[in-house]
Amino acid sequence: MSIATCFFTPSFSISNNNSNLTTSTTTTKLNLHRPLCLRLPTAATPITNRSLHHNHHHHYSPFLAFSTSGGDNNYNNNDSNSGGGGGGNDGGGKGGDGESAGDKNREEAMMVLAEAKRSLESLPMDLAAAIRDGKIPGAVITRFLELEKSGLLRWLMQFGGFKERLLADDLFLAKVGMECGVGIFTKTAAEYDRRRENFFNELEIVFADVVMAIIADFMLVYLPAPTVALRSPLLVSAGPISKFFYNCPDNAFQVALPGTSYSLLHRIGAIVRNGAKLFAVGTTSSLVGTAVTNALINARKAVDKSAAGEVENVPILSTSVAYGVYMAISSNLRYQVLAGVVEQRILEPLLHQHKLILSALCFAVRTGNTYLGSLLWVDYARFIGIQKAHDEKILPE
């Protein structure tokens, strides 16, 4: 039996002619970058004219070869340049028993592609770049291939924002439908619960609230949703603030992918960034809603002269700013907790194999959250004085 280990690159030959063994040896060099090759001929196989050498005719899969670089698991998302060199940033020969997280992610992704008989070039450019950089594990590629089977989802994944959210949560689109579908009913019911018999007397205000809420519902699901980051690296000239928020997750409580970590400061930054976005969304949607409401009020006054003294126009600027503040604080925190804690960390791990039950529970939780938000908005608007009850008398319970 003969064993050839390819840690060395020797050049010698063995011949078995008339039991005379001749060996010629040249300079031996240590080579740690080649995979271990073992040849174990059986006893029934005679050794004839066999040479010990590296087998260059075999093509080794890149995810089956051992790597001696980058042995720790300190790969994280804070360094946009890490992971692209196959673990070459180990700082000079620091070996390890295991692969780096980036190498492991790349290995898993390439194995999934090999099983699906897909090439790296057949994927979208941002996804292929993330695989090369070792930023996403094989489970994300598996989900992408499954989502690609649907024509609608394949079309939506042409847009980067939808792709990042669908790869993180395959029920994202269903949650958008839930939120917008139940929004109009739950918000109207909450308005009626707060206003009771004044509901129809304050119908214009109710309409403004519902319009503002429906416009904002989509963004409330979209912005705080957990994502799989496929963003391209920042420019070298980017400022420190841009670099900080670039490394923040989209959801402050989302589960980090293998090889990725977020500091407490970055998670707080996610709340601040989403708060700023939701302030802009809330203010804009309120401007649209109150403008439409005032147009309806003026039309009603023109038709019914008696209503001129009963119905007042909704203050546009103060209402819009107030609604922006409300979304930046109340809505932002509630939806961050809902998407990152309740759904991703509690419901999905328990029911990931029971999608129907998971969808039903998400529907129930989001319906309750939407209703709660409507109640909080009415109380908040009355507290700061931008809305007043039609009748100031305390109604009996």
Side-chain angles (χ1 to χ4, degrees), residues 69-70 72-92 100-103 105-106 109 120 123-137 140-141 144 156-169 172 219-284 324 327-329 332-333 335-336 339-340:
S69 60
D72 55 28
N73 291 325
N74 291 332
Y75 173 88
N76 63 62
N77 206 31
N78 297 338
D79 185 359
S80 60
N81 296 323
S82 63
N89 297 328
D90 57 334
S100 70
D103 291 335
N105 287 343
R106 190 183 306 107
L120 200 60
L123 302 179
M125 293 180 62
D126 53 356
L127 193 62
I131 293 176
R132 293 189 190 98
D133 293 343
K135 293 181 179 179
I136 53 178
V140 174
I141 305 303
F144 173 81
L156 285 175
M157 285 194 297
Q158 294 178 359
F159 306 97
F162 276 100
K163 185 195 305 176
E164 290 182 339
R165 285 159 177 79
L166 286 168
L167 291 178
D169 181 7
F172 168 73
M219 299 306 295
L220 281 172
V221 181
Y222 184 88
L223 289 178
T227 61
V228 173
L230 300 176
R231 299 184 294 267
S232 57
L234 280 176
L235 297 176
V236 179
S237 59
I241 297 179
S242 298
K243 292 180 180 178
F244 171 76
F245 284 113
Y246 173 85
N247 291 320
C248 293
D250 285 283
N251 185 287
F253 307 101
Q254 75 176 62
V255 177
L257 292 175
T260 305
S261 63
Y262 301 113
S263 66
L264 177 61
L265 191 60
H266 283 116
R267 292 188 181 275
I268 294 174
I271 297 176
V272 174
R273 181 181 60 189
N274 276 347
K277 292 180 179 179
L278 288 175
F279 174 80
V281 171
T283 303
T284 303
M327 285 192 62
I329 299 176
N332 183 27
L333 292 175
Y335 278 87
Q336 293 254 7

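Just so you know, these numbers use all the heavy atoms, side chains as well, and skip hydrogens, waters and symmetry mates.
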List the residues meeting side chain to side chain donor-acceptor pair (under 3.5 Å) with K163, not counting sequence neighbours, and say none if there are none.
D126
Identify the two heavy atoms, one from [X] and one from [Y], that lie closest to each other, and give their separation to 0.1 Å.
X    : Y    : value
G269 : F245 : O-CE2, 3.5 Å
A101 : G259 : CB-CA, 3.4 Å
F279 : A328 : CB-CB, 3.9 Å
D250 : R231 : OD2-NH1, 3.8 Å
G161 : Y222 : CA-OH, 3.1 Å
N105 : G134 : ND2-O, 3.1 Å

[X] side, atom [atom1]; [Y] side, atom [atom2] - distance, nearest 0.5 Å:
X    : Y    : atom1 : atom2 : result
L127 : L120 : CG    : CG    : 8.5 Å
L223 : R273 : CG    : CZ    : 9.5 Å
H266 : S261 : NE2   : OG    : 9.5 Å
I268 : C248 : CD1   : SG    : 10.0 Å
L234 : K243 : CG    : NZ    : 8.0 Å

One pair to check against side-chain contact (heavy atoms from CB on, under 4.5 Å): K135 and L257. What are the steps and the verdict?
CA-CA 8 Å; K135 293 181 179 179; L257 292 175; over 6 Å; no
Side chains of [X] and [Y] in contact at under 4.5 Å (non-hydrogen atoms):
X    : Y    : value
D169 : P226 : no
L167 : L230 : yes
M219 : K277 : no
T227 : Q254 : yes

Residue set satisfying salt bridge (charged side-chain N to carboxylate O under 4.0 Å, His left out) with R267, at least two apart, ordered chain then number -> none
Sub-3.5 Å donor-acceptor pair from the side chain of [X] to the main-chain atoms of [Y], do we have one?
X    : Y    : result
N251 : P224 : yes
N332 : N274 : no
R165 : F172 : no
T284 : A280 : yes
Q336 : F253 : no

